Amino acid sequence: MNDYNFLSSFDNQRKLNINIKSPIMFSAIIALILVLISTGFIVRNLILANEVNQANSKLDAIKATQDYQDATRLQDSIAAMSEYDNSADVALKAFQDAGILNVKLLNKLSASIPSSASFTSIAATNSKIEIYCDVPSRKVAAEVLLDLKNSGLFQDVQLGSVTTKSATGSAGYTVNISTILKAGGINE
């Protein structure tokens with residue numbers, strides 16, 4: 001006797017018939033791969049964002065320390081000193097190029113005035129030099145004038161003015177002296 005399976009047609013319908021070569025299946029596989037890659041990128045981005053937040057927290061904690069503040073102030077000081085050094089180099093180069101004020105002249109000027117006096121400004125045009133000096137008393141102002149005349153550097157030394165510094169809130173006087181350099185006075 002033969003067995004007949006009358007429900008075999010229904011069994012065939014229950015089987016999932018997958019055709020990998022079909023365009024729909026190929027598109028689904030590509031879409032699945034893209035979703036997996038995108039998910040990987042999102043997870044990686046979240047991990048990196050968390051690491052960045054942790055690094056920023058550590059950096060903020062370091063910035064709050066006194067050592068960091070001191071280092072920042074020192075770095076600013078170094079930058080200011082470098083800028084000053086560059087400006088001083090430019091000024092020195094300009095003096096050397098002009099051939100009027102040089103280190104020898106400035107050393108001779110400094111050596112020729114009393115220690116209680118200090119130069120605040122020196123302006124030079126051709127052979128004329130205008131000197132501004134801070135002094136504690138009129139007597140020291142007279143000594144500065146006399147010492148500059150006796151220095152042998154100048155053909156003529158004239159006192160422009162002696163003004164009190166009380167307007168600026170400090171004690172002492174500011175002396176303005178106009179001079180004319182001797183020919184060859186710098187290179188002696």
Side-chain angles (χ1 to χ4, degrees), residues 48-49 51-188:
L48 288 176
E51 289 175 4
V52 166
N53 288 338
Q54 289 175 354
N56 284 337
S57 300
K58 289 179 184 177
L59 183 61
D60 290 340
I62 290 171
K63 284 182 179 179
T65 64
Q66 185 64 32
D67 290 341
Y68 182 83
Q69 298 297 327
D70 292 343
T72 302
R73 276 192 292 276
L74 286 174
Q75 190 68 22
D76 292 343
S77 296
I78 289 170
M81 291 300 287
S82 296
E83 183 179 330
Y84 173 77
D85 186 44
N86 291 340
S87 298
D89 287 344
V90 169
L92 179 61
K93 176 93 171 105
F95 284 138
Q96 289 172 343
D97 290 346
I100 296 172
L101 293 176
N102 60 23
V103 175
K104 285 182 182 179
L105 176 64
L106 294 175
N107 285 337
K108 287 180 182 182
L109 282 174
S110 296
S112 67
I113 66 168
S115 61
S116 58
S118 63
F119 292 120
T120 56
S121 172
I122 299 176
T125 35
N126 297 330
S127 63
K128 295 180 183 181
I129 298 178
E130 186 96 9
I131 300 171
Y132 288 89
C133 223
D134 283 346
V135 294
S137 66
R138 289 182 180 270
K139 181 181 177 191
V140 175
E143 289 176 15
V144 169
L145 187 63
L146 184 61
D147 289 346
L148 288 175
K149 282 182 181 180
N150 293 334
S151 68
L153 296 172
F154 302 107
Q155 177 180 324
D156 186 31
V157 177
Q158 296 291 321
L159 178 63
S161 65
V162 177
T163 57
T164 60
K165 293 178 14 178
S166 61
T168 61
S170 41
Y173 299 90
T174 299
V175 179
N176 175 6
I177 300 172
S178 299
T179 65
I180 298 176
L181 278 175
K182 278 186 179 178
I186 299 171
N187 297 321
E188 292 178 348

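Computed from heavy atoms alone, side chains included, the values below leave out hydrogens, waters and symmetry copies. Everything numeric in this text was worked out from a predicted model, so none of it was measured.
Applying the side chain to side chain donor-acceptor pair (under 3.5 Å) test to pairs two or more places apart or on separate chains, those with a residue in residues 153-162 are D156-Q158. A salt bridge (charged side-chain N to carboxylate O under 4.0 Å, His left out) check over residues 130-153, counting only residues at least two apart or in different chains, returns the pairs D134-K165.
By the side-chain contact (heavy atoms from CB on, under 4.5 Å) test, Q54 is found to be paired with N50, residues two or more places apart in sequence or in another chain being considered. Residues satisfying the side-chain contact (heavy atoms from CB on, under 4.5 Å) criterion with L159, sequence neighbours excluded, are L145, V162, V175, I177. Here S112 pairs with L148, S151 under the side-chain contact (heavy atoms from CB on, under 4.5 Å) rule; sequence neighbours left out.
From K58, atom NZ reaches atom CG of D60 across 12.5 Å, with rounding to the nearest 0.5 Å.
Closest of all the heavy-atom pairs between I113 and C133 is CD1-SG, 4.3 Å.
The side-chain heavy atoms of L109 and F154, taken from C-beta on, include a pair separated by under 4.5 Å.
Looking only at distances, no side-chain donor or acceptor of S110 sits under 3.5 Å from a matching main-chain atom of N107.
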Taking distance alone, no hydrogens or angles, what donor-acceptor pairs closer than 3.5 Å link side-chain atoms of residues 74-84 to residues at least two apart or in another chain?
from: S77; atom 1: OG; to: R73; atom 2: O; distance (Å): 3.0
from: S82; atom 1: OG; to: I78; atom 2: O; distance (Å): 2.9

Given L153 and T179, is the side-chain contact (heavy atoms from CB on, under 4.5 Å) satisfied, shown in steps? CA-CA 9 Å; L153 296 172; T179 65; over 6 Å; no
Going through the checks in order, is the side-chain contact (heavy atoms from CB on, under 4.5 Å) test met by F119 and V144? CA-CA 11 Å; F119 292 120; V144 169; 5.9 Å; no
